[in-house]
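The next block holds one structure in the form of structure tokens; read it before the comments.
For the single chain, residues carry numbers from 1 onward in sequence order. Predicted model, so just to flag it, every value in this text is computed and none were measured. Computed over heavy atoms, backbone and side chain alike; hydrogens, waters and symmetry mates excluded.
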Amino acid sequence: MSTIANHTGIEKVTYGVTDLDQAKAFWTDFGLAPVENANGHAEFAAQNGASVEIRQADDPELAPPVGADVDATAREVVFGVESQADIDALEANLSADRDVRKDADGSIHTVDPVGFGLGFRVKQAKAVQAPELEVNIPGRPMRVNRRAEQVAKASPFEISHIVYTTDDLENHKEFYADRLGFKLTDAYPGRGYFLRGSAAHNHHNLFLLDPGVGKRGFHHLAFEVGTIHELFGGGNNMTRQGWDTMIGPGRHPISSCYFWYFKNPCGGAAEYDFDSDVVDDGWEAHDWESTPENFAEWCLGEGMGEALLHQTIQRG
Ligand SMILES: [Fe+2]
């Protein structure tokens, strides 16, 4: 069974939270714009319109939780697709062996093999373009007689990727890659797989990581910002507002981006990224050695959520 659909990237991620006000404060400080704020429910968007929705953890509309943080974690990711034909193909495929709900807006919703909520809708995210970055490189000055910008607060452009820990890695990867048609961008064979939508150009929209300790759960959600100044300015603002760094700032050798992760009261972490690899079918996937130094070329501060990686699993 194989379906190749044209997935375009992350459209929406929904969290179940116990403290709605704290979650709203986090995403506001992170730089997302409020688009909805109703009783027990709020939604915040990046500049391209991709959004984070927060609901009370016991909201019956939420997909069941996966992992130990049963009342505070990401419950569903909705990926965009290019057309209704893609939705129809995915619905037919997924309905073969699992319940698929179709909402009034045409989106479809189910769970993946490990239990994570998964949806698809026709793409609504807009194309965005950050202002040109003027940098002074020796022999190539672009910013003459002007000081570089300082950014007081980030305003992320898009949601680039979501990361799950999984204890069923190969089966999990095969579901997305072989069955749904996501493309493999890079791999830690047997330990982790970087996957992107078949019509997306982010280095990865989904990273599946087996920490080797029988762990399954949400790990983090990543957002792309427009400049290195925005990454530092956004991170400094989060720190000023009292949010704790998980790890960063630093730079990933795989995907090439500068990063800064913050612990998220909604569950897991939220990551600012800048200058991530952009790929198309000319990209050559590479198998990487699974060593800790591959996570960061360099970084400051904290650790990669050790408690999150090692917590006891309760299968949802
Ligand atoms: Fe990430």
Side-chain angles (χ1 to χ4, degrees), residues 10-46 49-79 101 103 107 109-112 114-119 153-154 156 158-165 206 215-223 234-235 237-239 241-247 260-272 302 304-309 311-316:
I10 292 177
E11 292 273 311
K12 183 176 180 179
V13 173
T14 302
Y15 292 78
V17 305
T18 51
D19 188 336
L20 207 60
D21 288 339
Q22 189 185 40
K24 290 178 192 173
F26 180 88
W27 290 116
T28 300
D29 291 339
F30 197 77
L32 302 190
V35 292
E36 191 169 333
N37 191 359
N39 226 356
H41 162 229
E43 191 168 348
F44 294 84
S51 66
V52 165
E53 181 184 34
I54 48 178
R55 290 180 173 273
Q56 295 288 357
D58 58 359
D59 189 321
E61 293 207 10
L62 289 173
V66 177
D69 285 336
V70 292
D71 57 355
T73 192
R75 298 292 186 88
E76 182 187 67
V77 57
V78 174
F79 292 100
R101 187 186 84 237
D103 284 354
S107 60
H109 305 265
T110 188
V111 293
D112 77 10
V114 174
F116 295 110
L118 168 67
K153 181 179 178 181
E158 62 178 13
I159 305 176
S160 54
H161 64 257
I162 190 166
V163 177
Y164 294 132
T165 54
L206 172 66
K215 164 99 180 74
R216 51 175 61 182
F218 166 70
H219 191 272
H220 70 265
L221 187 65
F223 298 75
N237 178 61
M238 290 294 281
T239 303
Q241 300 302 326
W243 304 109
D244 292 331
T245 289
M246 175 190 275
I247 190 166
W260 197 336
Y261 296 72
F262 285 87
K263 298 173 186 173
N264 186 346
C266 298
E271 174 186 12
Y272 291 126
E302 300 284 330
M304 197 51 207
E306 300 311 317
L308 201 62
L309 285 173
Q311 66 194 191
T312 306
I313 304 312
Q314 298 170 3
R315 291 178 187 241

Check your understanding: Do you know the tightest heavy-atom contact between Gly234 and Tyr272?
Key -> C-CE1, 3.6 Å
Exercise for review: Would you please indicate if the ring centroids of Trp27 and Phe223 are separated by under 6.0 Å?
Suggested key: yes
Review point. Got Pro34 and Glu43 here, is their nearest side-chain heavy-atom distance under 4.5 Å?
Key: no
Point to revise | Pairwise side-chain contact, Tyr15 with Thr73, heavy-atom cut-off 4.5 Å (strictly under) | key: no
Practice item. Determine the interplanar angle of the Phe116 and Tyr164 rings, folded into 0 to 90°, and report it as parallel if under 30°, tilted if 30 to 60°, perpendicular if over 60°. Key: parallel
Check your understanding: Is there a side-chain contact between His109 and Asp103, using heavy atoms and a 4.5 Å cut-off?
Key -> yes
Check your understanding: Are Pro265 and Trp243 close enough that some pair of their side-chain heavy atoms sits under 4.5 Å apart?
Key -> yes
Practice item. Evaluate the criterion ring-ring contact (aromatic ring centres under 6.0 Å, His included) for residue pair Phe44 and Phe30; output intermediate values, then yes/no. Key: CA-CA 10 Å; Phe44 294 84; Phe30 197 77; over 10 Å; no
Review point. Does a donor on one side chain sit under 3.5 Å from an acceptor on the other, for Glu271 and His161?
Key: yes
Review point. Is the shortest heavy-atom distance from the side chain of Tyr261 to the side chain of Thr245 under 4.5 Å?
Key: no
Study note, to complete from the structure: By salt bridge (Lys or Arg N to Asp or Glu O under 4.0 Å), Asp59 pairs with (sequence neighbours left out) Arg55
Check your understanding: Is there a side-chain contact between Leu118 and Phe79 (heavy atoms, below 4.5 Å)?
Key -> yes
Exercise for review: Please say whether more than 12 non-hydrogen atoms of neighbouring residues, nucleotides or ligands are located less than 6.0 Å from CG in Asn39.
Suggested key: no
